Amino acid sequence: MGQPDELNKIAGLLKKDNLDRFLLRGALFSLVLDGSPEAVELLKTCSHTLQQENLSEVAAALSWLAHQGNQAAVDALYYHAIHAASPSAARMIQTFSYPASNLADRAVFALLYSDLQALREIDPSLVILSEVYQTRADSGLKERMRTAARRLGLTTWLLIVESLERGAEEDADRILNAFPAMNPAEQELTRNWLMKLAREQNQAAVSLLARLFIVQADPGAFTLMEELSALPQEDSLKAAVFFLAEKWSALDALDFDHRLIRSFYYSAAPSVQQRILRIARSSGRLDWMGERSSSRQIRWLTDMDDASLAEFIDRLIENHQPQEIQKIILHASLRQAVLTILQLNRAGILLEEFEQEEWRQQVQLAEACALNLPGLTVSKKGRLHVGPISTALQDPENTVLALCMDDGSAAVVHLPEMVEVRRFDAPSGSRYFAALPVQGEDAAALACIDGSIKIARLSDGRMLKSIQGHTGLVKGLGYEPQSRLLYTAGFDRSLRCWSFPEGLARGGVYADAEILSLTLSASSGIALTGSANGKISRWRTNDLTPLGDLPSNDPDAVLSLSTSKDGKIAVSMHRQGKISFWNPGSGRQLGMLTETRAVKSAALMPDGKTLYILRDDNRLDGVSVPGGQLLTSALIDKDRLQFLFSQVDQHLMALSVSGEYQILETAAVTFTLKPAGAVAQRIEGLPDCWKQLSDRINRQRLRFDIEIGDHTPVSSGEFDIFLEGV
């Protein structure tokens, strides 16, 4: 071991910025020969004193020691690469695959030097990386980690660690809104950090856990609160947690007069209200609502499926409440009115408000309408063996499906056979985030997290082209068969156009926020993009000329866009589940669904006349387009269904995250759109019985409102969507 005096002399040399290269090499040679822990520590800490050009000499010295099996020298190399941003040290580590003695250094190195595959192997949930960022990184290292995270597409992780670090209320809202779009690893990371902060008595973290459970229906958040015996300080949040977790004893002790849960319910978002009411109905806890307006009662009636509605009507019949049954007929959806009339007729009940002949005509019309109610039946089930799936996208002809998996690979599946025909492994250190197959071109566009787009041949899997142009994650892919053009859009706010499959640039424009969704209307020559700020923009496809924004006032991010085959209908879905119908050519809004129980996915049938909506409770609702009238509803197997697609044969395909699928047969709804004036449109062509019954119910509704006087007339607002257009 070297003498302390000699090491002190060398340490003094290394502190001189203008150290002569001859003296530096001599000092390094002495330290290498010494090889003691103290000597290696000097080689490590000299990164703070030497200039970048001299650090390559230090890296070479440390590499020689590492070759001799000196682990301290390996760790010193990692220190130089991470804290001094030494490219020489990084190159030595990458060339000789030196492993650091601790996982934290290996995880940070993989992040900083863009080795995503290694990062996922070392730290799949990114907990280690988060710990370093939160507790051990200085400002310079944090900035480098942020830059590297954006480069690798780890924007959600960055949102989490930065938001939890600041702890501001607006950051908590950002985490809450981003949570549904996170992958399972990112959601687990969020829970783990909230748990860590909650253990430290951080009330903001406890409050956010409660809101994740209440607003996003995350059971993991409630499990953590139970493990930690942690509850939010706000009594209204406590009451909501107890109610949604069905902890009735705790709720009654806290909120004996139901004041807290009533107050919370009336101020909550519609999706939360629907969850509260579903639990209230199933648990027999409707007493807490107390006095409420008829409009609020009607709102939750529209949430009932057919079986629940039948049970509810039975209870009203048993309790001799014909007036409440009359309210259902007059103010719920027309589908529910039909089912209610038929159930009353089977029970031999005549509502006193109707004349005998008038009621008989109502029953005849309801029977005729029932014959035209579309249905949903499962015709096939299976598993693709490709999960877990992160994203899924169909080709323009609805005959091929592309899936991107959590391991970074992509798979192409033929429809309707549901057979995997090609799998693409992601390039080293990268992963595919979105993919679009184009069967007519025997090719697929595969978007990597670094913004590049790979063009691959479907028949043999050969990579044909790598397109560079985007500087951020590509979220939207679209293909226009007539012009053979590929359109791409993403986090860098740009919409770009390429020849396909050649991959030659044909133009590009910028939106004013990150683009999250893209759809093409071939017949009208228009591309629609949906942004993180809620804007839906129109662009001319042949030259990407901006045509203005659609009149959407919703600030929530636009998660998905789709168009009908004829290009006359476009459907947008925002983060909170609001769905709107548009005419892409004119930019006019045709209709809107305001009843926004949490929506996972929506599929517009090819004819553009029916939209099927997959909700968080695995309920499938079919609504008319653009009127929004509920036509059919069914509960399908609860197996984490996440994606919904329409098929060319009027079938639906529901797909789970783990690769299970269901093919559902749908009954056709025959109607077309015709202009009804310069401002609005309405549905024409439904069987005449629907229009006649609608007219009769509307006339009876107005009479009932005037004579009984206990209803708020429904002339506009939330219930128009159920009565217009049929």
Side-chain angles (χ1 to χ4, degrees), residues 180-181 183-184 217 271 303 305-307 373-395 397-406 410-420 434-437 517 519 559-562 564 571 573 577 579 593 596-625 630-669:
N183 61 41
S271 59
D303 181 43
D305 57 39
D306 295 349
L373 283 175
L376 284 169
T377 56
V378 177
S379 62
K380 183 180 178 182
K381 292 183 179 181
R383 184 178 177 84
L384 290 173
H385 299 288
V386 295
I389 301 166
S390 56
T391 61
L393 195 63
Q394 274 182 313
D395 75 319
E397 302 303 322
N398 292 12
T399 57
V400 189
L401 179 70
L403 309 170
C404 291
M405 268 65 72
D406 280 358
V412 175
V413 176
H414 269 171
L415 306 175
E417 298 88 352
M418 302 302 294
V419 176
E420 181 181 319
L436 176 67
S517 52
T519 189
L559 296 186
S560 73
L561 289 165
S562 58
S564 59
V571 180
M573 186 179 81
I579 293 173
L593 290 175
T596 56
R597 282 177 291 158
V599 177
K600 290 183 181 179
S601 184
L604 181 66
M605 299 307 286
D607 59 8
K609 298 173 183 177
T610 314
L611 179 75
Y612 287 93
I613 303 166
L614 177 63
R615 302 192 183 275
D616 62 348
D617 57 357
N618 274 16
R619 178 161 299 284
L620 260 179
D621 290 343
V623 300
S624 63
V625 179
L630 180 66
L631 298 172
T632 185
S633 185
L635 188 66
I636 51 181
D637 292 347
K638 295 181 180 295
D639 55 357
R640 296 179 64 215
L641 294 174
Q642 183 69 33
F643 308 102
L644 191 66
F645 299 99
S646 62
Q647 307 284 280
V648 292
D649 56 1
Q650 295 295 316
H651 283 55
L652 284 172
M653 182 185 70
L655 183 65
S656 74
V657 172
S658 57
E660 290 113 357
Y661 67 86
Q662 297 186 24
I663 305 296
L664 300 107
E665 294 181 357
T666 66
V669 182

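Everything quoted here is computed from the prediction, not taken from an experiment.
Considering only residues two or more places apart in sequence or on other chains, I389 meets the side chain to side chain contact (heavy atoms under 4.5 Å, CB included) condition with V386, L403, M405, F643, L655. Taking A402 as the reference, A435, P437 meet the side chain to side chain contact (heavy atoms under 4.5 Å, CB included) condition, with sequence neighbours excluded. Checked against side chain to side chain contact (heavy atoms under 4.5 Å, CB included), S562 has the following partners two or more places apart in sequence or in another chain: V571, L604. For the side chain to side chain donor-acceptor pair (under 3.5 Å) test, residues two or more places apart in sequence or in another chain that qualify with S564 are D566.
Side chains of M605 and Y612 form a contact here, defined as non-hydrogen atoms less than 4.5 Å apart. Between M653 and L415, the closest side-chain pair of non-hydrogen atoms falls below 4.5 Å. Looking at M418 and L384, their side chains come closer than 4.5 Å, going by heavy atoms from C-beta outward. Counting only heavy atoms from C-beta outward, the side chains of S658 and P388 never approach each other to under 4.5 Å. Between L641 and V657, the closest side-chain pair of non-hydrogen atoms is not below 4.5 Å. Using a 4.5 Å cut-off on side-chain heavy atoms (C-beta onward), L611 and I579 make contact. When side chains are defined from C-beta on, D621 counts as touching R615, because their heavy atoms get closer than 4.5 Å. V400 is not listed as a side-chain neighbour of Q394, based on a closest heavy-atom distance of 4.5 Å or more.
The nearest pair of heavy atoms linking L401 to A392 is CD1-CB, 4.4 Å.
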Assess whether side chain to side chain contact (heavy atoms under 4.5 Å, CB included) is satisfied between S656 and Q662, documenting all intermediate values. CA-CA 9 Å; S656 74; Q662 297 186 24; over 6 Å; no

Could you go through the side chain to side chain contact (heavy atoms under 4.5 Å, CB included) check for V419 and V413 one step at a time? CA-CA 5 Å; V419 176; V413 176; 5.7 Å; no

Output, in order, the C-alpha distance, side-chain angles, deciding distance and verdict of side chain to side chain contact (heavy atoms under 4.5 Å, CB included) for L614 and V599. CA-CA 6 Å; L614 177 63; V599 177; over 6 Å; no

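Atom NE2 of H651 sits about 4.0 Å away from atom CD of E665, to the nearest 0.5 Å. Atom NZ of K600 and atom CD1 of I613 lie 14.5 Å apart (nearest 0.5 Å). Taken from CD in E417 to OG1 in T399, the straight-line distance is 9.5 Å, to the nearest 0.5 Å.
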